[in-house]
Amino acid sequence: MKKITLYSMTIISLMLLTSCEAVEIIFKAGMWWGIILVVGVVGILLWLFSRGKNS
């Protein structure tokens with residue numbers, strides 16, 4: 001049910017927005033997800049390396 005709602009909301013929002021606005025929103029979301037993933041991976045790597053040195 002959640003997937004259907006997500007898909008319908010996406011389709012409706014894309015119909016209401018102009019193509020430039022839609023592309024801008026997609027790239028902004030992609031940029032933030034990329035930043036969050038990079039920070040998360042770096043944090044996990046630092047945690048693993050600091051954990052290994054304490055042992």
Side-chain angles (χ1 to χ4, degrees):
M1 187 68 183
K2 289 183 181 180
K3 288 184 179 181
I4 294 172
T5 305
L6 180 63
Y7 291 140
S8 62
M9 286 175 40
T10 304
I11 291 171
I12 290 171
S13 66
L14 289 177
M15 288 178 164
L16 294 175
L17 298 173
T18 64
S19 61
C20 292
E21 290 174 341
V23 169
E24 179 183 357
I25 290 172
I26 290 168
F27 276 109
K28 280 184 182 178
M31 179 187 69
W32 281 111
W33 273 110
I35 291 171
I36 290 169
L37 287 174
V38 167
V39 169
V41 168
V42 169
I44 289 171
L45 288 174
L46 289 174
W47 177 70
L48 286 173
F49 284 127
S50 67
R51 184 177 164 188
K53 289 182 181 180
N54 288 339
S55 297

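Everything quoted here is computed from the prediction, not taken from an experiment. Sequential numbering from 1 along the given sequence is applied to the chain's residues. The basis for the numbers below is simple: all heavy atoms, side chains too, and nothing from hydrogens, waters or symmetry mates.
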J.: For residues 26-47, which residue pairs pass the side-chain hydrogen bond (donor to acceptor under 3.5 Å, both in side chains) check, not counting sequence neighbours?
T.: E24-K28
J.: Each residue besides I36 in its hydrophobic cluster should be listed here, by chain and number; the cluster joins Ile, Leu, Val, Met, Phe, Trp and Tyr at side-chain heavy-atom distances under 4.5 Å.
T.: none
J.: State which residues pass side-chain contact (heavy atoms from CB on, under 4.5 Å) with V42; sequence neighbours excluded, sorted by chain then number.
T.: V38, L46
